[in-house]
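To start, the structure under review is shown below, and the notes come after it.
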Amino acid sequence: MRSVTYSMGVSLDGYIVGPDGDFNWTAPDEEVFRFWIDEIRGVDVHLLGRRLYETMLYWETADQDPTLDDSMREWTALWKPLPKVVFSTTLSTVQGHARLASGGLAEEIERLRGEPGEGEIAIGGATLAAEAAELDLIDEYRAVVYPVLVGGGIPFFPRRERRVDLELVETRTFGSGVVYLRHRVTRRASR
(Lines give C-alpha, C1' and ligand atoms only; values in the text may rest on other atoms or scores of the structure.)
Protein backbone atom coordinates (compact mmCIF):
# COMPACT_ATOMS: atom_id res chain seq x y z
CA MET A 1 0.00 0.00 0.00
CA ARG A 2 1.30 3.45 -0.90
CA SER A 3 2.44 5.67 1.96
CA VAL A 4 0.97 9.09 2.65
CA THR A 5 3.73 11.59 3.41
CA TYR A 6 3.63 15.16 4.69
CA SER A 7 6.77 17.10 3.87
CA MET A 8 7.35 20.84 4.10
CA GLY A 9 9.84 23.44 5.18
CA VAL A 10 9.36 24.46 8.80
CA SER A 11 10.91 26.99 11.17
CA LEU A 12 12.68 25.72 14.27
CA ASP A 13 9.70 26.94 16.32
CA GLY A 14 7.33 24.83 14.21
CA TYR A 15 5.74 27.09 11.58
CA ILE A 16 5.51 26.73 7.79
CA VAL A 17 4.49 30.37 7.38
CA GLY A 18 5.28 33.24 9.72
CA PRO A 19 2.69 35.49 11.41
CA ASP A 20 2.87 37.96 8.52
CA GLY A 21 2.24 35.24 5.91
CA ASP A 22 5.90 35.28 4.88
CA PHE A 23 7.83 32.11 4.12
CA ASN A 24 10.79 33.51 2.18
CA TRP A 25 13.08 32.03 4.84
CA THR A 26 12.35 28.63 3.21
CA ALA A 27 14.00 29.62 -0.07
CA PRO A 28 16.34 26.67 -0.62
CA ASP A 29 20.00 26.92 -1.50
CA GLU A 30 21.29 24.61 -4.26
CA GLU A 31 21.92 21.68 -1.89
CA VAL A 32 18.44 21.80 -0.34
CA PHE A 33 16.82 22.35 -3.74
CA ARG A 34 18.55 19.19 -5.04
CA PHE A 35 17.09 17.38 -2.03
CA TRP A 36 13.56 18.54 -2.95
CA ILE A 37 14.14 17.39 -6.54
CA ASP A 38 15.13 13.93 -5.29
CA GLU A 39 12.10 13.84 -2.95
CA ILE A 40 9.59 14.62 -5.71
CA ARG A 41 10.92 11.73 -7.80
CA GLY A 42 9.34 9.31 -5.30
CA VAL A 43 5.87 10.88 -5.50
CA ASP A 44 3.07 9.44 -7.67
CA VAL A 45 0.42 12.01 -6.77
CA HIS A 46 0.42 15.23 -4.76
CA LEU A 47 -2.55 16.39 -2.68
CA LEU A 48 -2.67 20.14 -2.14
CA GLY A 49 -4.80 22.65 -0.35
CA ARG A 50 -5.85 25.75 -2.25
CA ARG A 51 -3.16 28.09 -0.88
CA LEU A 52 -0.28 25.74 -1.69
CA TYR A 53 -1.78 24.95 -5.10
CA GLU A 54 -1.90 28.67 -5.90
CA THR A 55 1.68 29.13 -4.68
CA MET A 56 2.89 26.23 -6.83
CA LEU A 57 1.07 27.43 -9.99
CA TYR A 58 4.25 29.24 -10.97
CA TRP A 59 5.85 25.89 -11.81
CA GLU A 60 3.14 25.07 -14.38
CA THR A 61 4.64 27.65 -16.76
CA ALA A 62 8.12 28.17 -15.29
CA ASP A 63 9.75 26.26 -18.15
CA GLN A 64 8.96 29.27 -20.35
CA ASP A 65 11.21 31.48 -18.20
CA PRO A 66 14.58 31.83 -19.98
CA THR A 67 16.33 32.78 -16.72
CA LEU A 68 15.71 29.40 -15.03
CA ASP A 69 18.82 27.50 -14.06
CA ASP A 70 19.28 23.77 -14.73
CA SER A 71 18.00 22.70 -11.28
CA MET A 72 14.83 24.73 -11.66
CA ARG A 73 14.27 23.28 -15.12
CA GLU A 74 14.72 19.79 -13.69
CA TRP A 75 12.19 20.53 -10.90
CA THR A 76 9.71 21.92 -13.44
CA ALA A 77 10.10 18.83 -15.64
CA LEU A 78 9.18 16.64 -12.64
CA TRP A 79 6.46 18.84 -11.12
CA LYS A 80 4.50 19.74 -14.24
CA PRO A 81 3.41 16.21 -15.27
CA LEU A 82 2.88 15.05 -11.68
CA PRO A 83 -0.81 14.30 -11.01
CA LYS A 84 -2.21 16.69 -8.40
CA VAL A 85 -5.48 16.66 -6.47
CA VAL A 86 -6.58 20.05 -5.16
CA PHE A 87 -8.88 20.37 -2.15
CA SER A 88 -10.77 23.65 -2.28
CA THR A 89 -14.25 24.92 -1.61
CA THR A 90 -13.61 28.17 -3.50
CA LEU A 91 -11.93 27.08 -6.75
CA SER A 92 -14.09 25.89 -9.65
CA THR A 93 -11.22 25.02 -12.02
CA VAL A 94 -7.56 24.06 -11.79
CA GLN A 95 -4.73 23.99 -14.32
CA GLY A 96 -2.16 21.56 -15.65
CA HIS A 97 -2.18 17.98 -14.41
CA ALA A 98 -4.42 18.89 -11.49
CA ARG A 99 -7.99 18.00 -10.71
CA LEU A 100 -10.32 19.18 -8.00
CA ALA A 101 -11.01 16.55 -5.34
CA SER A 102 -14.33 14.88 -6.00
CA GLY A 103 -14.75 13.53 -2.47
CA GLY A 104 -13.50 14.03 1.01
CA LEU A 105 -9.87 13.57 1.97
CA ALA A 106 -10.33 10.06 3.41
CA GLU A 107 -12.20 8.90 0.30
CA GLU A 108 -9.57 10.35 -2.05
CA ILE A 109 -6.70 8.75 -0.15
CA GLU A 110 -8.48 5.39 0.02
CA ARG A 111 -9.10 5.50 -3.73
CA LEU A 112 -5.50 6.52 -4.47
CA ARG A 113 -4.12 3.80 -2.20
CA GLY A 114 -6.21 1.29 -4.15
CA GLU A 115 -4.72 2.33 -7.50
CA PRO A 116 -1.62 0.60 -8.82
CA GLY A 117 1.65 2.38 -8.16
CA GLU A 118 4.61 2.33 -5.85
CA GLY A 119 5.23 6.04 -5.40
CA GLU A 120 4.07 8.06 -2.44
CA ILE A 121 0.92 10.05 -1.96
CA ALA A 122 2.30 13.41 -0.84
CA ILE A 123 0.28 15.96 1.09
CA GLY A 124 1.16 19.62 0.95
CA GLY A 125 -0.31 22.40 3.02
CA ALA A 126 -0.76 22.56 6.77
CA THR A 127 -4.56 22.72 6.78
CA LEU A 128 -4.92 19.66 4.56
CA ALA A 129 -2.21 17.82 6.50
CA ALA A 130 -3.97 18.64 9.79
CA GLU A 131 -7.15 17.06 8.46
CA ALA A 132 -5.23 13.98 7.29
CA ALA A 133 -3.48 13.73 10.66
CA GLU A 134 -6.78 13.96 12.52
CA LEU A 135 -8.05 11.06 10.37
CA ASP A 136 -4.81 9.12 11.09
CA LEU A 137 -3.96 9.00 7.38
CA ILE A 138 -0.36 10.26 7.48
CA ASP A 139 2.30 7.55 7.45
CA GLU A 140 5.38 9.79 7.50
CA TYR A 141 6.19 13.31 8.64
CA ARG A 142 9.15 14.88 6.85
CA ALA A 143 10.24 18.19 8.28
CA VAL A 144 12.90 20.28 6.57
CA VAL A 145 13.80 22.47 9.54
CA TYR A 146 15.24 25.92 8.86
CA PRO A 147 17.40 27.66 11.48
CA VAL A 148 14.98 30.50 12.12
CA LEU A 149 12.38 31.36 14.75
CA VAL A 150 9.39 33.15 13.24
CA GLY A 151 7.31 33.56 16.39
CA GLY A 152 3.95 32.32 15.14
CA GLY A 153 1.92 31.72 12.02
CA ILE A 154 0.66 28.48 10.49
CA PRO A 155 1.99 25.47 12.42
CA PHE A 156 3.58 22.45 10.71
CA PHE A 157 1.96 20.10 13.21
CA PRO A 158 -1.73 20.33 13.95
CA ARG A 159 -2.63 21.34 17.49
CA ARG A 160 -4.66 18.50 18.92
CA GLU A 161 -4.86 16.51 22.08
CA ARG A 162 -3.87 13.11 20.74
CA ARG A 163 -0.55 11.39 21.10
CA VAL A 164 1.14 10.10 17.95
CA ASP A 165 4.20 7.90 18.38
CA LEU A 166 6.91 8.34 15.77
CA GLU A 167 10.00 6.41 14.76
CA LEU A 168 12.98 8.38 13.44
CA VAL A 169 13.84 6.88 10.04
CA GLU A 170 16.33 9.36 8.57
CA THR A 171 18.14 12.61 9.27
CA ARG A 172 20.33 14.83 7.17
CA THR A 173 22.12 18.08 7.92
CA PHE A 174 22.80 20.49 5.07
CA GLY A 175 25.70 22.92 4.85
CA SER A 176 23.32 25.84 5.37
CA GLY A 177 22.26 24.52 8.79
CA VAL A 178 18.93 23.18 7.49
CA VAL A 179 18.10 19.78 9.01
CA TYR A 180 15.87 17.09 7.47
CA LEU A 181 13.94 14.87 9.88
CA ARG A 182 11.95 11.91 8.57
CA HIS A 183 9.65 10.16 11.03
CA ARG A 184 7.34 7.21 10.44
CA VAL A 185 4.10 6.95 12.39
CA THR A 186 4.11 3.83 14.54
CA ARG A 187 0.76 2.15 14.85
CA ARG A 188 -0.20 -0.67 17.15
CA ALA A 189 -2.66 -2.28 14.74
CA SER A 190 -2.07 -2.47 11.00
CA ARG A 191 -4.55 -1.08 8.53
Side-chain angles (χ1 to χ4, degrees), residues 1-18 23 25-28 32-33 35-56 59 75 78-79 82-88 98-99 101 103-115 117-146 148 150 152-172 174 178-187 190-191:
M1 186 179 334
R2 297 195 283 175
S3 291
V4 176
T5 63
Y6 171 44
S7 182
M8 291 194 76
V10 58
S11 65
L12 185 59
D13 55 348
Y15 298 95
I16 63 165
V17 174
F23 58 92
W25 44 270
T26 65
V32 174
F33 196 64
F35 168 81
W36 285 116
I37 290 170
D38 292 341
E39 282 285 297
I40 203 70
R41 289 182 198 286
V43 174
D44 271 357
V45 61
H46 208 293
L47 312 182
L48 302 98
R50 180 193 53 82
R51 284 187 297 244
L52 183 59
Y53 165 74
E54 289 175 341
T55 299
M56 297 301 287
W59 297 104
W75 169 265
L78 294 166
W79 180 259
L82 182 67
K84 299 163 201 78
V85 180
V86 180
F87 291 80
S88 173
R99 68 173 175 83
L105 183 58
E107 294 89 0
E108 285 286 348
I109 288 176
E110 182 179 336
R111 187 182 63 71
L112 291 167
R113 279 188 166 155
E115 292 178 356
E118 295 182 19
E120 299 160 358
I121 300 167
I123 292 184
T127 303
L128 191 61
E131 182 181 344
E134 188 62 35
L135 295 168
D136 195 26
L137 297 173
I138 296 178
D139 299 303
E140 287 190 7
Y141 289 89
R142 299 175 180 180
V144 179
V145 183
Y146 287 80
V148 62
V150 298
I154 299 174
F156 178 86
F157 293 105
R159 305 289 187 230
R160 61 174 190 260
E161 296 181 18
R162 182 171 73 87
R163 178 180 164 155
V164 177
D165 292 320
L166 304 171
E167 170 191 2
L168 181 62
V169 184
E170 181 182 359
T171 65
R172 179 174 172 186
F174 298 91
V178 171
V179 177
Y180 171 64
L181 301 170
R182 178 180 167 204
H183 287 86
R184 183 175 300 128
V185 174
T186 56
R187 295 183 171 93
S190 63
R191 291 177 194 236

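Residues: numbered from 1 along the sequence shown. These numbers come from a predicted model, not from an experiment.
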Any heavy-atom pair between the side chains of [Y] and [X] that's under 4.5 Å?
X	Y	result
Phe35	Val144	yes
Leu47	Ile109	yes
Arg187	Asp136	yes
Val185	Asp139	no
Thr186	Leu166	no
Val32	Tyr146	yes
Ser7	Trp36	yes
Thr5	Arg182	no

Calculate, to the nearest 0.5 Å, the distance between atoms [atom1] and [atom2] belonging to [X] and [Y] respectively.
X	Y	atom1	atom2	value
Thr127	Ile154	OG1	CD1	6.0 Å
Thr55	Arg50	OG1	CZ	9.0 Å
Leu48	Glu54	CG	CD	11.0 Å
Glu39	Leu78	CD	CG	12.5 Å

Residues 2-16 vs salt bridge (Lys or Arg N to Asp or Glu O under 4.0 Å), sequence neighbours excluded, gives Arg2-Asp44, Arg2-Glu115
Indicate the ring-plane relationship of Trp79 and His46, choosing parallel, tilted or perpendicular according to the 30° and 60° boundaries. perpendicular
Measure up the Trp75 and Trp59 rings against each other and bin them: parallel (under 30°), tilted (30 to 60°), perpendicular (over 60°). perpendicular
Can you tell which of Ile123, Leu105, Leu137 makes a side-chain contact (heavy atoms from CB on, under 4.5 Å) with Glu131? Leu105
Non-hydrogen atoms of [X] and [Y] that approach each other most closely:
X	Y	result
Ala133	Ile138	N-CD1, 3.9 Å
Leu82	Val43	CD1-O, 3.3 Å
Ser11	Val148	CB-O, 3.3 Å
Pro155	Ala126	O-CB, 3.4 Å
Leu52	Gly125	CD2-N, 3.6 Å

Any ion pair linking Arg142 and Glu120 (charged N to carboxylate O, less than 4.0 Å)? yes
Heavy atoms from other residues, nucleotides or ligands near CD of Glu118 exceed 12 (cutoff 6.0 Å): no
Mark yes when over 12 heavy atoms from residues, nucleotides or ligands other than Glu110 sit less than 6.0 Å from its CD; otherwise mark no. no
Please determine whether ring-ring contact (aromatic ring centres under 6.0 Å, His included) holds for the pair Phe156 and Tyr6, giving the CA-CA distance in whole Å, both sets of side-chain angles, and the decisive distance to 0.1 Å. CA-CA 9 Å; Phe156 178 86; Tyr6 171 44; 4.5 Å; yes
Strictly under 6.0 Å, is that where the ring centroids of Phe23 and Tyr15 end up? no
